[in-house]
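Computed from heavy atoms alone, side chains included, the values below leave out hydrogens, waters and symmetry copies.
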2 protein chains.
Amino acid sequence: MNTPRKTPTMADVARLAGVSPMTVSRAFKRDASVSDATRSAILEAADTLGYVFDSTASNLRSQRTDFVAVTIPSINNANFADTVRGLSEGLKERGLQILLGYTDYDIQEEERLVEQLLRRRPEAIVVTGGRHTPRTRRLLENAGIPVIETWDLPDNPVGHVVGFSNAAAVRSMVDHFVSVGITRIAFIGGDADRDTRGTDRRAGFIAAMQAHGLDPDRLIAAGTPPISMREGADAMGRLLDTLPDTQAVICVSDLSAFGALTECQRRGVNVPQQIAVAGFGDYEIAGICVPSLTTINPLPREIGKRAAELILDVLDGTQEGPATIALEPILMRRQSSP
Amino acid sequence: MNTPRKTPTMADVARLAGVSPMTVSRAFKRDASVSDATRSAILEAADTLGYVFDSTASNLRSQRTDFVAVTIPSINNANFADTVRGLSEGLKERGLQILLGYTDYDIQEEERLVEQLLRRRPEAIVVTGGRHTPRTRRLLENAGIPVIETWDLPDNPVGHVVGFSNAAAVRSMVDHFVSVGITRIAFIGGDADRDTRGTDRRAGFIAAMQAHGLDPDRLIAAGTPPISMREGADAMGRLLDTLPDTQAVICVSDLSAFGALTECQRRGVNVPQQIAVAGFGDYEIAGICVPSLTTINPLPREIGKRAAELILDVLDGTQEGPATIALEPILMRRQSSP
DNA sequence: ATGAAAGCGCTAACAG
DNA sequence: CTGTTAGCGCTTTCAT
């Protein structure tokens, strides 16, 4: 038996069950009207043949795919994973699946990815960030489906927005440090503008320092985003070597902040007595490491949840114009700072 | 202008460019023979109309989807992310995309997911783990495409395998501890059989202890998999409270092991002098935390790379029967143990 | 290098 | 509750 047995189709199932293909089609939808006897006969026939529904055909004919495209910068990032989880749960009730793609923090890669995703005809698309190549923007504008930008508050949104201001979030951290008398503050972040959220956080740091009349030049370039724990540690080493009078350091993420903490441990530098350390993201590690890490919780799960609600409203026609939902990140004071 | 402008089709592009739809189709494939002049006219027409290729139609007609389905237990796990990266890079050269799904460490959820994925007609499917529901197994066997099980060495594989023995990997850790004179060893892991790899690791621990004639009953149940850092810390607290003479603890993953380390720090328990701690996975944190963490590197990237090679060989017809590729995890000795 | 005809497997639309 | 007809947008196949 060497013939590459083609997978059975609905017609095969219909023949075996003694009904028309249309009835088989109905038997596979939950709301359709098929008698219980007929349905179970059909499901049994399908099982016998090992039939698996072909959604490529269904999608083409019905012009519906029942999935939502989502782009995130990276697999393996707890923050974005939380956003995806919020989205996923919110969309599940309506039978919408998520098709996920990774941009690797690169807006060129985002362009390729967005086109790939749109070719599959999603019902809506959720992108991370508000800065895109001109072509990505055009693709999104012409897609004819709801577009949601997240994790940012773009000046000129493509469509809907569920996000927060990365710059303002970092400003709140600077304000906090200044309010407790700390003035010599450094920032550890990426050395390229690849990660637009990281860039916004750095810009927010500089602006906040200037607003307080403080020196905004204690900037340590830690590498190409995303910044790893190791790169955070190395950057902290350079900071301690070159600007030893620094009183506090704000890191672009909790991962680099944790790396920075470990470097302090290795050098016997006491945190927060000798230097305060803050992160961004409120990853699990921030709450459990010793000392625990002062950070900013950007409500990633909530972003996903709100985006899902928005998508359902737009698809239902409940939501009229483009919506912008601005969330307020929460400053989490912990042991690594006053 | 309120009419829901339908997206343009190849026919629209063909009309504007003054050619047949077939020529447009060819212009969008790289290897097809179309004159340069015609092609650029077509691409310009497509751009003018904002045309985006419809892969639902292409997939149906050509009976090819050019993607490989991959199931992993969790988004946001650096080990599985590495496997996906290895796969992704290996498949890219052949123009194969990855369609990713998450089982949430649940073989029931895996069943739903596998069926969803197979409905989209992938060219191959890669699953994490070698234990499935009977129906999942049947679906995979009848799918008519290459099936690869990873991160395990199943007794009775569905098709191809790229993995390692979780039990043997933990045994090597037990052997190491015994060889340096440590005999009172505990294991921190999940309290359910939900995570099959975690279950295998615990079984490997028990078997190894018995083989050495040692007490295999220092088992601390840490919660429902995946075990978080916090759950690792709580479990370590219980271990120190109830079995204070324990000399070493092996944790089901680096995340729980790091949590355990922090609990020791909080209690002033010295690692490794008072108790040794080992993890599993060789996540980035294992190499950078203080003390750094003894662990096992299961070569996650290599698993993905080999799986990709295997898929290409099978699709090319180069690989004949089912292959089993067994990798050897590497024990990483670091500061948290002798 | 380009075109014409046919059809992938399913379901919308209409009938009964 | 069930069946018939047609066609979604592309690409295979066969021409020229």
Peer 1: Quick one: side chains of residues 320-327 of chain B, donor-acceptor pairs under 3.5 Å with protein atoms, not counting sequence neighbours, listed by atom name and distance.
Peer 2:
none

Peer 1: Side chains of A:Ser20 and A:Thr23: donor-acceptor distance under 3.5 Å anywhere?
Peer 2: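 There is such a pair (donor and acceptor under 3.5 Å, judged by atom type) between the side chains of A:Ser20 and A:Thr23.
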Peer 1: With sequence neighbours left out, which residue pairs that include part of residues 89-100 of chain B fulfil the side-chain hydrogen bond (donor to acceptor under 3.5 Å, both in side chains) condition?
Peer 2: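 Matches after skipping sequence neighbours: B:Glu89-B:Arg301, B:Arg94-B:Asp316.
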Peer 1: Does C:dT2 have OP1 or OP2 under 4.0 Å away from a side-chain N or O of B:Thr23?
Peer 2: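 Answer no for this pair, as no side-chain N or O of B:Thr23 is under 4.0 Å from OP1 or OP2.
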Peer 1: Under 4.0 Å between a side-chain N or O of B:Ser25 and OP1 or OP2 of D:dT11?
Peer 2: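 Yes.
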Peer 1: Both B:Ser35 and A:Arg64 contact DNA chain C. Taking the nearest nucleotide for each, which residue is further toward the 5' end?
Peer 2: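 So the residue in question is B:Ser35.
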Peer 1: Got a donor-acceptor pair under 3.5 Å from the side chain of B:Arg26 to the base of C:dG3?
Peer 2: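 Flag set: donor-acceptor pair detected.
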Peer 1: Nearest whole Å is fine: how far is C:dA4 P from B:Met10 CE?
Peer 2: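 Those two atoms, CE and P, are 16 Å apart.
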Peer 1: Which residue pairs pass the side-chain hydrogen bond (donor to acceptor under 3.5 Å, both in side chains) test when at least one of the two sits in residues 126-135 of chain B, sequence neighbours left out?
Peer 2: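 Listed once each, the pairs are B:Glu110-B:His132, B:Glu111-B:Thr133, B:Glu111-B:Arg135, B:Glu115-B:Arg135, B:Arg131-B:Asp200, B:His132-B:Glu149, B:Thr133-B:Thr136.
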Peer 1: How close or far is atom C1' of D:dT2 from atom CG of A:Asp36, stated in whole angstroms?
Peer 2: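 My rounded result for the distance is 15 Å.
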Peer 1: With each end axis built from five pairs of C1' atoms, what bend angle do you get for the helix from C:dA1-D:dT16 to C:dG16-D:dC1? Round to 10°.
Peer 2: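 Here the helix ends are tilted 20° relative to one another.
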Peer 1: With respect to the phosphate group of D:dT2, does any side-chain polar atom (N or O) of A:Ser33 fall under 4.0 Å of OP1 or OP2?
Peer 2: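 No, no such contact exists.
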Peer 1: Where along residues 51-61 of chain A does a heavy atom come under 4.0 Å from DNA chain D, residue by residue in number order?
Peer 2: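 Close to the strand are A:Leu60, A:Arg61.
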Peer 1: Stepwise, does the side-chain hydrogen bond (donor to acceptor under 3.5 Å, both in side chains) test hold for B:Thr56 with B:Asp54?
Peer 2: CA-CA 6 Å; B:Thr56 68; B:Asp54 186 337; 2.6 Å; yes
Peer 1: Check the distance between C:dA12's C1' and A:Phe28's CZ and give it to me in whole angstrom.
Peer 2: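 Result: 19 Å.
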Peer 1: Within a strict 4.5 Å, meaning less than it, do heavy atoms of the B:Val68 and B:Ile311 side chains meet?
Peer 2: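 Result yes, sub-4.5 Å side-chain heavy-atom pair found.
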Peer 1: Output all residues satisfying side-chain contact (heavy atoms from CB on, under 4.5 Å) with A:Leu113, sequence neighbours left out; order by chain, then residue number.
Peer 2: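 Result, side-chain contact (heavy atoms from CB on, under 4.5 Å) vs A:Leu113: A:Thr71, A:Thr103, A:Leu117.
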Peer 1: Between P on C:dC10 and CE on A:Met22, what's the gap in Å once rounded to a whole number?
Peer 2: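 These atoms are roughly 11 Å apart.
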Peer 1: For A:Gln63 and C:dG9, what is the distance between atoms CD and C1' respectively, to the nearest whole Å?
Peer 2: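 Taking atom C1' of C:dG9 as the reference, CD of A:Gln63 is at 14 Å.
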Peer 1: To the nearest Å, give me how far apart CG (A:Asp12) and C1' (C:dC8) are.
Peer 2: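 The answer, rounded to whole Å, is 14 Å.
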Peer 1: Please state how far atom CZ in B:Arg120 lies from atom P in C:dC10, giving the value in whole angstrom units.
Peer 2: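 In whole Å, C:dC10 P and B:Arg120 CZ are 15 Å from each other.
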Peer 1: Looking only at heavy atoms, what is the nearest atom pair of A:Phe67 and A:Arg120, with distance?
Peer 2: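 Heavy-atom minimum between the residues: CZ-O, 3.4 Å.
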Peer 1: Taking atom C1' of D:dC10 as reference, at what distance in whole Å does atom CZ of A:Arg119 sit?
Peer 2: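 Going from A:Arg119 (CZ) to D:dC10 (C1'), I get 12 Å.
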Peer 1: Does a side-chain N-to-carboxylate-O contact under 4.0 Å join B:Arg85 and A:Asp104?
Peer 2: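 Between A:Asp104 and B:Arg85 there is no salt bridge, as every charged N stays at least 4.0 Å from the carboxylate O atoms.
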